[in-house]
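Here the structure comes first, spelled out in structure tokens, and everything after it is commentary.
By convention in this document, chain letters (A, B, ...) are assigned in the order of the sequence lines, proteins followed by strands, and residues within each chain are numbered from 1.
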Amino acid sequence: MSLPSTARFVMPEDARWRVVGTGVRFGLKGSGAPGWLRSNGIATPAQPNSVQRWPDGRCLRLGHGEFLVELDAATTLPSLSAAEDGSDTWLLLRSDHCVLLEGDGWLRRLPLACSFDLQQLRDSPDLVVMTLFAGIGVTLIAEPATTTAGDAFALRLWCDASHATHLDHCLQQLASPLGDAS
Amino acid sequence: MMRRLPRPVAGEWIDRSRPLRMHFEGREIEAFEGDTLTSALAGAGVMVTARSFKYHRPRGLVSAAGHDANNLFQVGHEPNQRGDQVLARDGLAFSAVNTHGGVAKDRGAIMGLLARFLPVGFYYKAFLGKRAFPWFERRIRNFSGLGTIDTEAPGSLRPRRHAHCDVAVVGAGVSGLTAALSAVAEGARRVVVIEEAAQPGGSGLWQARTRPEDHARCRALIAAVRAEPSIELLCGHSVVGCYADHELAVSRIDREDGGLTLQRAGAVVLATGCIEQPAVFHNNDLPGVVVGRAAQRLLYRHGVAVGERIAVLGANEAAVALALDLASQGLTVTDLMVPTGAPLDVSHHQVRLQAAGIRVHREVKQLGARADHTRALATVDFSSQGLEARINCDALLMSVGFMPALHLALQRGGTIRFDATLGQHVPDRLPAGMFVAGSANGCFGAAERSEDGERAGAMAARHAREAAARGGLAQASLESALATAYLATPDAGGAEVAGRATSPQSLAAPLFPSPAGKEFVDLDEDITLADLANAAQEGFDSVELMKRYSTVGMGPSQGKLSNLNAARQLAQVTGKPLPSLGLTTARPPWQPVSLGALAGARFSPLRRSALDAWHDEHGAAWMPAGAWRRPAHYGVNAKNAPAAIAREVAAVRTACGLIDVSTLGKIEVMGRDAAVLLDRLYTGRFAELAPGRTRYALMLDEAGTVVDDGVVMRLADGRYYLTTTTGASTSVYREMQRRVAEWGLDCVLHNLTGHMAAMNLAGPKAAAVLAQCTDLPLDAASFPYLAMREADVAGSPARIARVGFVGELGYEIHMPFATAPAAWEKLMSAGEAFGIRAFGVEAQRVLRLEKGHIIIGQDTDGLTNPFEAGMGRLARMDKPFFVGQRSLQALQRRGDRQRLIGFHLSAPRAPLAECHLAIDGDRIIGRITSIAWSETLGRTIGLALLTPDMAQAGRRVRFRDDAGRLHEAELVEPPFYDPDNLRQRMEAA
């Protein structure tokens, strides 16, 4: 099937998306990771699969000892070696592709490509979901309305950077009239 | 003849203000919006709408509910669309399937004359003979098959949606609607009601004049459901399968291009009702012979009268209600025939029947139908109380009993039992979280159905809530508690289902054998009572065996109208009681569903490297590489790809080349036990690898088969970075995760495959180019062969390894995804003065082949061990352990079964390719694994896996091409190029 070309594609008002960059993004693994984050002033979620947000960043706890941290402003971080001082804490490169999905239209479009129940993200706003979307692994969190254009529904989605084009094509497909014909 | 009533029937689903025109086999059909294809044909008086599968007998509608497979149509390029469900659209053209020349003059009707030569089990008997098989196969293939697949049709993309709810209710009749409202009242926030028909209400909307209070109650129910925001009503959808965790496959059936919804529910209520079963008698397949409910569907939904003179074969209270209902709407119902043994005391209704002008015939035994010149029903002959009689009628309604539609429960392992009181099957044990309501549960009265639905809906909501509270999946204790409470039988010490009917609703055996035959049990497959009797007599005397031998129930309708009667016939032939025979296994799909709907949207998650845009801008000819796309070579428009590849090879051999190797798997291994993990997973030693050094790594599986390779770099104590092959990056990472857990290692893994880009700078000028972009000392002492360093390259932090896959001085440079494009550009700019050229996979393959470096999976297969691949030296058998080591010990004792060896062709060029066989006399001695023309060497070279006795350097072998020609080659030990490895070890200039 041919996808709608970018030139002809008009993003619907109720299903918008944009790529979002970040000042600093890094991963952290190891049993010492929570302590290391706290000692560097980064609040951590208490439970795995949950997110801690603050005005200019977020910390996703992906497992007991695994974190994804985003600081929207560029910040000087402690060096890698500082995290590798034998305390079983490993700073990791994260080159994820990140997009912000905004608009209630996604509630009826995303289920065409994802089996996860989005209602759970509405019921539990701090939930972190790692699932398959359009055949690729993604991480999802609900985005607070305060950070979006007033839409009732917004999602932040991360995927492998090598899937960025595929994700873009799929979002276009879902945002097209075909995606709305479900 | 069927016809559209001139005046609307109150509540009908069609919109008479919106007429449509369609074409059925060239004939214009007038219809209205809201019609199905079936009702449109009926309204237009088309009686013969189909031809039967085997004998091509004229057929018409039977159930008007998709329970039969008569009205299957070709709609455009979509075959086998169910006319009972697909809605009419203006301009639609459709035709019958399985005809030769159209439904009116089907030449295939000649098969009817050959019926005596086509006994039950014909296929098996015909195929037994080896000589006869091809002859029959060709003819059967040519003659049979439903519908036409249009291979030129454009691909269509059907939506496949995922949906979630607390409670899913299947069926929107009285019990289903009540269940939905009850579930909401019990706290369910999301309830979905799925209904096959175009609108809700089911049979609750019938009997508008004879039971107006029930009719009004049903309308009120519909209004309440529509007004309830927590309830989603999905009409025109069919649940075709029920799977684990209450996942329902819901197919949209009111359009020929309908999609699929995967509906996951916390609990399911099956309010699927009953399927009215036909009677079996001589010519019971004539157009005009329909099940009773079909007449009510046509009337109340589409304003169509089933006939001008209607007779009813009735065995239960529903039959009387049917006759009176139709009469109350002004249709002419002339006769009610009550078979012997019917659970119906017609005397209670005598007055009303008489008032409606309906004659009653009791003790009906013999029964047969006849057609007139239109090939549709004209008369019914029968015996009543010992007297022969004939009725002139154009519609015969069969109302002799029911079968509960419990197939979805059975698909999930539920069981049913035969209820002697009710005279039909009822649910016995249900899967956790599945509840049955209404007539499927044996509750037939309107009030009873409503009460049963209310109870089932409430229990479903409670189940969903409690299961969610327990973590999403129902607990076994919850399952048993609820299921037992609801379905407990007297045998199990519980109470019977309240509201279940206390008298039989079905005739025990609505079978009327006739000396004239043609009593069809299965309309899909043209199977008669005699066929089933013969099958049983031939030894296929269980329901499952009989099904497979006779194909009863194996047609598109999956036995909805035939399985029960087939079992009844088997019971009569074998003398066994019906309950002891059971029924055949229910499997998805419950209703036919198109492959397009199952396929849904196609997502092909192609991975692109960070340098993808550069490659595209520079004319990359793309090729797939695992989940990625990679440049095969540059110059996509080049007319001579081999020349383009040769230029790229030459650049690497004489100057410098740069290739994107980002697709390699990239994994970081950290922690105290990192070396332990690698030493156990790979054949080499990595604990002793010094920081800043690299080592080739070979991975085996437990059988000692080579499964992957790569390069391990030691970054620091307790920290390694390694590469895998492109195709195995995910599986190797998973295997590592599994092993870390299994062996309890203190080890952290990070898959960097998508986070890092990688490029290989190779050629005699590689160091000179790299020196332009880094401050890293590149001299041999500072950065020797097989060393690795971390430094900035072209402005990006990078990990650089001096390795030589292509056999030249080379640097494999790994860096973050985001910074790689700029770095690549800088390297290319820096290399301009040195004649740098980007090279693709094809050139890389030639280069590595010249060096004799193997590609795992191409030069090895699923059985190749390291000894056979010439890599035995890499298996450190003196290590305490590595995966595959014990198998290698055994393989060493056994000896090689094949051996990888190089060859070059005697002739300059030959049409040989990978997998072409090596032939010695009449013996296959192996195959080519790699072959390429080497411009550098001026000859065709390759690798081959050969039997050990033949794989001797200096021996000459012959390879056979596609045309069968043999080409001589001389075997040589690789490498073909730079055998002393001087070039890749060369001092950086």
Task: Residue among A:Gly135, A:Ala161, A:Ala113 with most heavy-atom pairs under 4.5 Å to chain B - done: A:Ala161
- [ ] For the residue pair A:Cys59 and A:Leu37, establish whether any side-chain heavy-atom pair is separated by less than 4.5 Å.
- [x] yes
Open item on the list: Could you check whether B:Arg465 pairs with B:Asp166 (Lys NZ or Arg NE/NH1/NH2 to Asp/Glu carboxylate O, under 4.0 Å)?
Closed with: no
- [ ] Side chain from CB out, backbone as N, CA, C, O: work out which of these in A:Cys159 comes under 4.5 Å of a heavy atom of chain B, or both, or neither.
- [x] neither
- [ ] For the pair A:Asp126 and A:Arg53, find out whether any cationic side-chain nitrogen is under 4.0 Å from an anionic carboxylate oxygen.
- [x] yes
- [ ] Select one option (side chain, backbone, both, neither) describing which atoms of A:Ala164 are under 4.5 Å from chain B's heavy atoms.
- [x] neither
Task: 4.5 Å side-chain heavy-atom contact, B:Gln263 and B:Glu247 - done: no
Task: Top of B:Arg608, B:Met670, B:Arg189, B:His162 for chain A proximity - count of heavy-atom pairs under 4.5 angstrom - done: B:His162
- [ ] Between chain A and each of B:Ala818, B:Ser604, B:Gly600, count heavy-atom pairs under 4.5 Å; write down the option with the most.
- [x] B:Ser604
TODO: Quick one: which of B:Arg672, B:Met756, B:Arg264, B:Arg190 has the most heavy-atom pairs under 4.5 Å with chain A, could you say?
DONE: B:Arg190
TODO: Flag the one option from B:Thr663, B:Leu606, B:Leu262 with the top tally of heavy-atom pairs under 4.5 Å to chain A.
DONE: B:Leu606
Open item on the list: Using the salt bridge (Lys or Arg N to Asp or Glu O under 4.0 Å) definition, which of the options B:Arg719, B:Arg714, B:Arg799 pairs with B:Glu790?
Closed with: B:Arg799
Open item on the list: One thing to verify: whether A:Arg18 and A:Glu102 come together as a salt bridge, which I'm taking to mean a side-chain N less than 4.0 angstrom from a carboxylate O.
Closed with: yes
Task: Between B:Gly754, B:Pro605, B:Ser662, the one whose heavy-atom pairs under 4.5 Å with chain A are most numerous - done: B:Pro605
